[in-house]
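Report on the following structure.
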Amino acid sequence: IQNVEVHFDAKYINKFTDVKAIPQFEGAYFVNLGSLLPGQSKMVNVEVDANKHGTHKGEILLKYDGQNMPPLEIETTSFP
């Protein structure tokens, strides 16, 4: 699989402060993972601090070889 990218919903990410990703974001909240060999896996780690407490919903979109996979819905809950 070539050109693997993981895109995070900007509306979701913008609800947080001090957003960090490993590997680092490129552009508007996406990570380029390059190519994946058969059986290989890669991980994206995102750390955020909440601006406001409550439940925050968003999506993660995986793209590869110019194709979009169905979005993955995510939800986080922050407590005061």
dist Glu73:CD -> Asp9:CG (nearest 0.5 Å) comes out at 10.5 Å
For Lys63 against Leu61, the heavy-atom pair lying closest together = CE-CD2, 3.6 Å
Please name all residues satisfying ring-ring contact (aromatic ring centres under 6.0 Å, His included) with Tyr29, sequence neighbours left out, ordered by chain then number.
-> Phe25
Under 4.5 Å between any side-chain heavy atoms of Val31 and Leu33, yes or no?
-> yes
Closest heavy-atom contact between Gln40 and Lys42?
-> NE2-CE, 3.7 Å
Would you mind reporting whether Phe16 and His56 have side-chain heavy atoms less than 4.5 Å apart?
-> yes
Quick one: CG on Asn3 to CG on Asn32, what's the gap to the nearest 0.5 Å?
-> 7.0 Å
Looking at OH of Tyr12 and OG1 of Thr76, how far apart are the two atoms once the value is rounded to the nearest 0.5 Å?
-> 3.0 Å
Please name all residues satisfying salt bridge (Lys or Arg N to Asp or Glu O under 4.0 Å) with Lys57, sequence neighbours left out, ordered by chain then number.
-> Glu75
With sequence neighbours left out, the residues meeting salt bridge (Lys or Arg N to Asp or Glu O under 4.0 Å) with Lys20 are Asp18
Looking at residues at least two apart in the chain, or sitting in another chain, which of them share a side-chain hydrogen bond (donor to acceptor under 3.5 Å, both in side chains) with Glu59?
-> none
In this structure, OG1 of Thr17 is separated from CG of Asp49 (nearest 0.5 Å) by 4.5 Å
Among all residues two or more places apart in sequence or in another chain, which pass the salt bridge (Lys or Arg N to Asp or Glu O under 4.0 Å) test with Asp65?
-> none
Counting heavy atoms not belonging to Gln67, are there more than 12 under 6.0 Å from its CD?
-> yes
With sequence neighbours excluded, tell me which residues meet side chain to side chain contact (heavy atoms under 4.5 Å, CB included) with Thr77.
-> Thr55, Phe79
In this structure, CG of Leu72 is separated from NE2 of His7 (nearest 0.5 Å) by 14.0 Å
Looking only at heavy atoms, the pair that brings Ser35 and Gln2 closest together is OG-OE1, 2.8 Å
If we only count heavy atoms from C-beta on, is the Phe8 to Val44 side-chain gap below 4.5 Å?
-> yes
Shortest non-hydrogen contact from Lys52 to Ser78?
-> O-CB, 4.0 Å
